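Everything on this sheet refers to the single structure shown next.
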Amino acid sequence: MQSDLLLAHDLGTSGNKATLFREDGTLVRSITESYEHGTKYYNGSWAEQIPADWWTAVCQSTQKLIAEIDPKRIGVVSLSGQMMGSTPLDKDGNVLAPSMIYCDQRSEKQTRILKEKIDPDRFYKITGHRLASVYALSKVLWLRSEQPGIFQKMCFTCAAKDYINFRLTGRLATDPSDASGMNAYDLTSGRWSEEILDAADLSPEMFPEILPSSSILGVITDQASKATGLAAGTPVAVGGGDGSCAGVGVGSVAPGHAYNYLGSSSWIGLTTDQPLFDPRQRTMIWAHCVPGLFHPTGSVQTAGSAYAWIRNTFCQQEAEEAAQTGSDVYELINARIAAAPVGSGNVLFLPYMLGERSPRWNPDARGAFVGMNLETTRECMLRSVLEGITMNLGLIVQILREHVPVDEMRIIGGGAKGAVWRQIMADAYDCPVHKLNVLEEATSMGAAVIGGVANGLFDDFNAIDRFIHVDDIIYPKKENREIYRRLLPVFDECYYGLEKTYSNLAVLPQYENHSNSK
């Protein structure tokens, strides 16, 4: 029987998306399974997930996806996954503790100590990333310092997709894109940096073998076959981190297109043939899933998750209406946002709900509304949330433009569905915004193409052209563009005005609510 299907998994923040594609690029079916225990946020800067939940979601989504097809039709399995996390494993690959995911920033103390042992500028030149607590390296150091009993049993740390690949094949390895998220990877040599690991006093053996994204890691084991329903012996590609897979999924497989992914977090990325080092280290550089290329990126912690927060906190009215009518709650909220003036009546929202990466790199930063008065409406506050997220992304666009032109922006991710948000992006970025035909499956699509290249189904990464086309273009409006040009420097100024306040708040205890106690 011909193996004519590609199975891709995308291990996201809230769940795993399993997607099936034909070789001609046709999307057959997609299923998302939420993680049973979700993400545990606590202590202000901690964020954990249970790796067993990833595996359960992969198994269940696979079983549902292929329930009506012969599993032997699947020619390759390939994964994309959330980056920068640290999953501690013992010598047999057993998980020792919850995974500290990308937005976990508990390791500030360990990061500061490492900065005393290696020059931060030198570190950035080696890795393309600043020394920061969001990366796996600092999280491993936190584990060594704060949970030595676990660290003593720990033999490996790995990213999310690498753990699932291990469960599927019995082999632990990573690819250059996820290796970049460890923050111990040398961009130039393509190996773990001895200089950094010596400074951190960590063994390189703790970090997985590095293989090309588009290589075959192994095959589905008998045990994994029983758990997933996949045929034993099905090839499994190494795959890549979600940021780089998204780059493949939007067609950014050669120097050219800029793109913006709008999910729980959000990032803007490019593909280049040379690293683009920012003198102020505001952006980062990943190794691309396409060999020999690089992926300069700026990433914000809370985009869709900040929008979800405003939905849950301020939009009970829309939630009730959606439940009663079967409408999409976000469409109802977007209608309110569209009714508000551009610029939200000069109300600014700082979207730093879980600290911030680009361009702030401040784990203590927090969200804020600034500029409200007695005439401020709920609609203005709702709109200011989308504008605040977008203006922070707009700062990243400005940084990238210091190196290369950004004349258009391809948009993917669930947040790209709303035309009102795409118009805000076009106006704030001052360039046309191109919505692709596939939004939420674009990252899975990139993983599928990587798998197809790995298994010889595709000659090269240009096979993505079979999958995608531009579905809609929104152009900036001159009058709106001028409003954002005036607001953006004020938005930037607000952060710096509150920077000391953020530091002062970070050292204060968080008191419980005792108002109902007697």
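All values reported here derive from a predicted model rather than from experimental measurement.
- Qualifying salt bridge (charged side-chain N to carboxylate O under 4.0 Å, His left out) partners for Glu493, counting only residues two or more places apart in sequence or in other chains: none.
- Put simply, the side chain of Tyr261 does not reach to within 4.5 Å of the side chain of Ile411, judged on heavy atoms.
- The CD atom of Gln301 lies 11.5 Å from the OG atom of Ser266; values are rounded to the nearest 0.5 Å.
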Step by step, would you call Arg336 with Glu331 a salt bridge (Lys or Arg N to Asp or Glu O under 4.0 Å)? CA-CA 9 Å; Arg336 307 288 191 272; Glu331 289 184 4; over 6 Å; no
Evaluate the ring-ring contact (aromatic ring centres under 6.0 Å, His included) criterion for residues Tyr475 and His434: first the C-alpha distance (whole Å), next the side-chain angles of each, then the deciding distance (0.1 Å), finally the verdict. CA-CA 9 Å; Tyr475 295 91; His434 293 205; 7.4 Å; no
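- When only modelled atom types and interatomic distance are considered, Asp121 and Gln281 share a side-chain donor-acceptor pair under 3.5 Å.
- Atom OG of Ser213 and atom CD1 of Ile450 lie 5.0 Å apart (nearest 0.5 Å).
- Ser138 and Ser133 form no side-chain donor-acceptor contact under 3.5 Å, judged by distance and modelled atom types alone.
- Put simply, the side chain of Tyr484 does not reach to within 4.5 Å of the side chain of Asp430, judged on heavy atoms.
- The existence of a salt bridge linking Lys435 and Asp471 is confirmed by a sub-4.0 Å separation between a basic side-chain nitrogen and an acidic carboxylate oxygen.
- Looking at Tyr352 and Arg366, their side chains never come closer than 4.5 Å, going by heavy atoms from C-beta outward.
- With 3.5 Å as the limit, one finds a donor-acceptor pair spanning the side chains of Ser344 and Glu387.
- The aromatic rings of Phe349 and Trp309 lie parallel to each other, their planes meeting at an angle below 30°, with 60° marking the opposite boundary.
- Taking the six-membered ring for Trp and thresholds of 30 and 60 degrees, Tyr163 and Trp54 have ring planes more than 60 degrees apart, a perpendicular arrangement.
- Lys139 NZ to Tyr102 OH: the interatomic distance, rounded to the nearest 0.5 Å, is 10.0 Å.
- Between the CH2 atom of Trp267 and the CG atom of Asp242 there is a distance of 4.0 Å, given to the nearest 0.5 Å.
- Electrostatic pairing of Glu379 and Arg383 does not count as a salt bridge here, judged by no charged N lying under 4.0 Å from a carboxylate O.
- Between Trp46 and Trp142, the ring centre distance stays below 6.0 Å.
- Other residues, nucleotides and ligands place no more than 12 heavy atoms under 6.0 Å from the CD atom of Glu375.
- For the pair Cys103 and Ser265, the minimum side-chain heavy-atom distance is 4.5 Å or more.
- A salt bridge links Arg360 to Asp492: one of the charged nitrogens lies within less than 4.0 Å of a carboxylate oxygen.
- The shortest distance between side-chain heavy atoms of Asp53 and Gln49 does not fall below 4.5 Å.
- Interatomic distance, His9 NE2 to Ser61 OG, rounded to the nearest 0.5 Å: 5.0 Å.
- Asp328 has no carboxylate O lying under 4.0 Å from a charged side-chain N of Lys417, or vice versa, which leaves the two without a salt bridge.
- A donor-acceptor pair shorter than 3.5 Å cannot be found between the side chains of Tyr330 and Glu318.
- Between Lys161 and Asp175 there is a salt bridge, since a side-chain N of the basic residue sits under 4.0 Å from a carboxylate O of the acidic one.
- Side-chain contact check for Thr271 and Ser252: at least one donor-acceptor pair (N or O, by modelled atom type) lies under 3.5 Å.
- Using a 30° and 60° split on the angle between ring planes, Tyr135 and Trp361 fall in the parallel class, below 30°.
- One finds no salt bridge joining Asp278 and Arg280 here, because no Lys/Arg side-chain nitrogen approaches an Asp/Glu carboxylate oxygen to under 4.0 Å.
- With respect to Lys477 and Glu482, no salt bridge is recorded, no charged nitrogen being found less than 4.0 Å from a carboxylate O.
- Residues Ser99 and Thr87 bring a donor and an acceptor atom of their side chains to less than 3.5 Å of each other.
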Please step through side chain to side chain donor-acceptor pair (under 3.5 Å) for the pair Thr297 and Ser299, ending with a clear verdict. CA-CA 6 Å; Thr297 305; Ser299 181; over 6 Å; no
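- If you check the side chains of Asp162 and Thr174, you find a donor sitting under 3.5 Å from an acceptor.
- The distance from the SG atom of Cys494 to the CG atom of Leu348 is 5.0 Å, given to the nearest 0.5 Å.
- With sequence neighbours left out, the salt bridge (charged side-chain N to carboxylate O under 4.0 Å, His left out) criterion links Arg311 to no other residue.
- With respect to the salt-bridge test (charged N to carboxylate O, under 4.0 angstrom), the residues Glu195 and Arg122 qualify.
- The six-membered or imidazole ring of Tyr185 lies away from that of Phe207, with a centre-to-centre distance of 6.0 Å or more.
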